[in-house]
A.B. asks: 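Handing you this structure, nothing more for now.
Every chain is numbered from 1 and lettered A, B, ... according to where its sequence line falls, protein lines coming before strand lines.
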Number of protein chains: 2
Amino acid sequence: METTTHTTKQRLLDAGLELLLEHGYHDLGVQTLLAATGTPKGSFYHHFESKEDFALQVVDQYMVGVHGALDACLSNPDRAPLQRMRDFFEATAESYRGEGYLGCLLGGLGQELSGVNDVFAQKIEGCISYIAGRMAVCLAEAQDAGDIAPDADPVGLSNLLVDCWEGAALRSRLRRNEQPLEAMLDFYFGSAVTR
Amino acid sequence: METTTHTTKQRLLDAGLELLLEHGYHDLGVQTLLAATGTPKGSFYHHFESKEDFALQVVDQYMVGVHGALDACLSNPDRAPLQRMRDFFEATAESYRGEGYLGCLLGGLGQELSGVNDVFAQKIEGCISYIAGRMAVCLAEAQDAGDIAPDADPVGLSNLLVDCWEGAALRSRLRRNEQPLEAMLDFYFGSAVTR
DNA sequence: CCGAGATTAGACCGATCGGTCTAGTCGGAG
DNA sequence: CTCCGACTAGACCGATCGGTCTAATCTCGG
């Protein structure tokens, strides 16, 4: 019926968001996922070709949320471009808090699988570079408004931002707190890009 | 005889540095390691209690190299403090190049295992914070020399540096090139900290 | 030259992995 | 009511996992 996709499939994807973030790919067994959701194995393999296919669709599911947050934050007319960007990361940090500071799913799967699986490497790289692209648009607006240096490179600065964010998210996962995230944002928006 | 530790054990640790970086923890089977080094299983479990024990000792082995590079770079009297710090990361980037840009072992294992294994989480956090501590010393020197703002926080800036580096290393792994690493260093040393 | 501990050697183990298969259940179109 | 495709249900499969065990083989002090 294609409403919010199928409920069983959706339930699996939602559980996948949580479980893949916590366990990573290889440490999450299909059985664990099935037990956590009360799903029989036949259903899983009806909806997904394989565990890899499942994880890739979980990433798509993750990106649905990212798209939503990007649209909500970056188009806010009441905020300056740089403020809108920071709003997005503050909202992301808030959702990390709700998960117990386990870092970023993209970073986690990217780190674990990109050495060995090109499909995943390219998928995650595409997701991250998409986010950076959205940031670059905002940085260009900030440049037009005179908020950052006229000779700055919005694309370069946007990739830097998401890269450093991923690093801060990893440290946040190691420490289970928000401090690295906030420190990174303060540095980037407070003392660095602005000038 | 405890010369450079035992050769079989050392051979396993050296192979572990490579293989764990490429495969990560769960994707690297003990059998693969044994086949790659021509070691029988009995030897492996004679020298190591378990696969986890092995990986933890590989991290120790990794840190031996890090200590060496830190000592070599950070005590160079011919370079200013900030230059010495950048020297270290440039040397690290050079070694990443030799591995085909697979990122950082600490970041890789930390990301994969810290959600599920506290021993690893604390081990990796300790390693990263040790590196940051060494950087903080150098930043304090830079502050004394007037190279960074007198009100800057060396400890905070040093953690920021290693966090952002780990993020750049992840992106470098996804893209298999050095660009994110250099961009991050240019930003940090070029336009940000200095002032 | 002997004996003992360190190390090598690899067959073997139960558990778990991802994935397949067949049988049953369900809901709605005709 | 019938039928058919979508979905559920879980037993089952071979492969591989980390780890154990026993026996053979080195190494070297006495």
A.B. asks: May I have the distance from Q31(B) (atom CD) to dC17(C) (atom C1'), rounded to whole angstrom?
C.D. replies: 15 Å
A.B. asks: Give the residues of residues 52-59 of chain B touching DNA chain D, defined as any heavy atom closer than 4.0 Å, sorted by residue number.
C.D. replies: none
A.B. asks: Taking NZ, NE, NH1 and NH2 as the nitrogens, is one of them in E125(A) or R175(B) under 4.0 Å from a carboxylate oxygen of the other?
C.D. replies: yes
A.B. asks: Which heavy-atom pair separates Q143(B) from A149(B) by the least distance, and what is that distance?
C.D. replies: NE2-O, 3.1 Å
A.B. asks: Which of residues 36-46 of chain B sit near DNA chain D, with a heavy atom under 4.0 Å from it?
C.D. replies: K41(B), Y45(B)
A.B. asks: How many Å lie between CG on L34(B) and C1' on dG19(D), as a whole number?
C.D. replies: 12 Å
A.B. asks: If you measure from CG on L170(A) to CH2 on W165(A), what distance do you get to the nearest 0.5 Å?
C.D. replies: 12.5 Å
A.B. asks: For the helix from dC1(C)-dG30(D) to dG30(C)-dC1(D), figure out the bend between the end axes, five pairs an end, and round to 10 degrees.
C.D. replies: 0°
A.B. asks: Is it true that K123(A) and D118(A) make a salt bridge, defined as a side-chain N closer than 4.0 Å to a carboxylate O?
C.D. replies: no
A.B. asks: Using a cut-off of 4.0 Å on non-hydrogen atoms, how would the nucleic acid contact of L28(A) be classed: base, sugar-phosphate, or nothing?
C.D. replies: sugar-phosphate
A.B. asks: Would you say CZ of R176(B) has more than 12 non-hydrogen atoms from neighbouring residues, nucleotides or ligands within 6.0 angstrom?
C.D. replies: yes
A.B. asks: Before accepting this row, confirm whether a basic side-chain N of the pair R84(B)/E90(B) lies closer than 4.0 Å to the acidic partner's carboxylate O.
C.D. replies: no
A.B. asks: Would you call R86(B) and E182(B) a salt bridge, using N to O less than 4.0 angstrom?
C.D. replies: yes
A.B. asks: Look at the aromatic rings of F54(B) and F48(B) and report parallel, tilted or perpendicular, splitting at 30° and 60°.
C.D. replies: perpendicular
A.B. asks: Strictly below 4.0 Å, heavy-atom distances to any atom of DNA chain D: list the hits from residues 15-27 of chain A, or just say none.
C.D. replies: none
A.B. asks: Which pair of heavy atoms, one from A93(B) and one from L181(B), lies closest together, and at what distance?
C.D. replies: CB-CD1, 4.1 Å
A.B. asks: Return the set of residues passing side-chain hydrogen bond (donor to acceptor under 3.5 Å, both in side chains) with H47(A) (not counting sequence neighbours), or none when no residue passes.
C.D. replies: none
A.B. asks: Over how many whole Å does the gap from L33(A) atom CG to dT16(C) atom P extend?
C.D. replies: 17 Å
A.B. asks: So F187(B) and F187(A), would you call those rings parallel, tilted or perpendicular, with 30° and 60° as cut-offs?
C.D. replies: perpendicular
A.B. asks: Atom CD of E49(B) and atom C1' of dG18(D): how far apart are they, to the nearest Å?
C.D. replies: 14 Å
A.B. asks: Could you tell me whether the side chain of N117(B) reaches within less than 4.5 Å of the side chain of Y25(B), counting heavy atoms only?
C.D. replies: no
A.B. asks: For F88(A), give me all partners under ring-ring contact (aromatic ring centres under 6.0 Å, His included), at least two apart in sequence or on another chain.
C.D. replies: none
